[in-house]
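Given the structure is predicted, the values throughout are model-derived calculations rather than measurements.
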Amino acid sequence: MGEYFYIMIGSLLGAMGYALLVKASVKSLCPIFIVSTLGAVVYCVCDSFGFSVFAANMFSAFVVCALSEISARIWRMPALVIMFPSLIPLVPGRPLYLAVSNIINQNYAAAFDNGETTLLVASGMAGGKIISMVIFATVNTVILYIQKKRTKSK
């Protein structure tokens, strides 16, 4: 339980640190706080249920991207301003570092394991983001089509 608390706090601090580093507006800090924390919660829930690294990161990235789109409409700002800082904590930095370190130390079996983890996490993040973007693009197209039909019928 304590490990998940540290994951959520680390996720929050990582997202806020990146947002401040890229000089995100003060207005965007609240949605970044909410979205990154909920993304970490989803990751922790998936991890506690025994999901694979790929699935946990895919669901977490999906939730982050979906909530970024929703938050962007609520706070009237681009979704990417919320999405990128909120996705940063999901980036597999430690396994990538360990993979490169093990390659340098000629420990190829450990390097392969860490490289595999890195690729699974990155693939899961990409998959979750793509699924979210496809769903929101489809919903947006349908809404625009309905609005266009209503204006023509009046």
Side-chain angles (χ1 to χ4, degrees), residues 1-75 77-141:
M1 185 65 171
E3 175 188 350
Y4 295 136
F5 177 74
Y6 292 127
I7 289 173
M8 288 187 278
I9 295 298
S11 173
L12 173 65
L13 292 176
M16 286 296 152
Y18 182 76
L20 294 174
L21 184 69
V22 297
K23 297 182 172 105
S25 67
V26 175
K27 176 183 166 184
S28 67
L29 293 180
C30 183
I32 291 170
F33 172 82
I34 294 167
V35 170
S36 64
T37 304
L38 290 175
V41 167
V42 169
Y43 176 81
C44 290
V45 167
C46 289
D47 188 49
S48 69
F49 282 128
F51 285 31
S52 68
V53 173
F54 174 82
N57 279 286
M58 186 179 74
F59 288 129
S60 183
F62 173 79
V63 167
V64 165
C65 293
L67 290 176
S68 296
E69 290 285 342
I70 294 167
S71 299
R73 284 164 176 73
I74 293 170
W75 273 286
M77 65 180 59
L80 295 178
V81 171
I82 303 167
M83 188 182 309
F84 282 144
S86 299
L87 283 175
I88 288 298
L90 298 177
V91 173
R94 184 174 187 272
L96 181 59
Y97 169 79
L98 290 175
V100 173
S101 175
N102 286 322
I103 288 172
I104 291 170
N105 294 329
Q106 297 179 351
N107 186 357
Y108 298 115
F112 179 78
D113 289 340
N114 289 313
E116 180 184 27
T117 301
T118 302
L119 289 176
L120 286 172
V121 170
S123 300
M125 287 177 57
K129 186 172 190 261
I130 288 170
I131 292 168
S132 173
M133 293 297 187
V134 167
I135 289 171
F136 273 91
T138 305
V139 168
N140 197 26
T141 303

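- When all heavy atoms of Ala72 and Pro78 are compared, the pair lying nearest together is CB-C, 4.0 Å.
- For residues 112-130, there are no side-chain hydrogen bond (donor to acceptor under 3.5 Å, both in side chains) pairs, not counting sequence neighbours.
- Under the ring-ring contact (aromatic ring centres under 6.0 Å, His included) criterion, Phe84 pairs with no residue at all, not counting sequence neighbours.
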Report all side-chain donor-acceptor pairs from residues 32-43 shorter than 3.5 Å, counting only partners two or more places apart or in another chain.
from	atom 1	to	atom 2	distance (Å)
Ser36	OG	Ile32	O	2.8
Ser36	OG	Phe33	O	3.3
Thr37	OG1	Phe33	O	2.7

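- Sorted by first and then second residue, the side-chain hydrogen bond (donor to acceptor under 3.5 Å, both in side chains) pairs with a member in residues 47-56 read Tyr4-Asp47; sequence neighbours excluded.
- Residue pairs meeting the salt bridge (charged side-chain N to carboxylate O under 4.0 Å, His left out) criterion with at least one member in residues 48-58: none, sequence neighbours excluded.
- Proximity of a side-chain donor or acceptor of Thr141 to a complementary backbone N or O of Ala137 within less than 3.5 Å is detected.
- Residues Cys65 and Leu87 have side chains in contact (heavy-atom distance under 4.5 Å, counting atoms from C-beta outward).
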Worked check of side chain to side chain contact (heavy atoms under 4.5 Å, CB included) between Phe136 and Ile70: CA-CA 9 Å; Phe136 273 91; Ile70 294 167; 3.8 Å; yes
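- Listed by first and then second residue, the side-chain hydrogen bond (donor to acceptor under 3.5 Å, both in side chains) pairs involving residues 80-105 amount to none (not counting sequence neighbours).
- When all heavy atoms of Ala61 and Gly124 are compared, the pair lying nearest together is CB-O, 4.4 Å.
- Scanning both residues, Ser132 and Ala66, for their nearest heavy atoms gives OG-N, 3.2 Å.
- When the side chain to side chain contact (heavy atoms under 4.5 Å, CB included) test is applied to Leu119, no partner is found at least two apart in sequence or on another chain.
- Checked against side chain to side chain contact (heavy atoms under 4.5 Å, CB included), Ile131 has the following partners two or more places apart in sequence or in another chain: Met58, Phe62, Ile135.
- Applying the side-chain hydrogen bond (donor to acceptor under 3.5 Å, both in side chains) test to every pair with at least one member in residues 54-72, sequence neighbours left out, gives these pairs: Glu69-Arg73.
- Taking the side chain to side chain contact (heavy atoms under 4.5 Å, CB included) definition, one finds that Leu13 meets it with Ile9, sequence neighbours left out.
- Residues satisfying the side chain to side chain contact (heavy atoms under 4.5 Å, CB included) criterion with Val134, sequence neighbours excluded, are Ile130, Thr138.
- Although no hydrogens or angles enter the test, the distance criterion places no donor-acceptor pair under 3.5 Å between the side chain of Ser28 and the main chain of Ile82.
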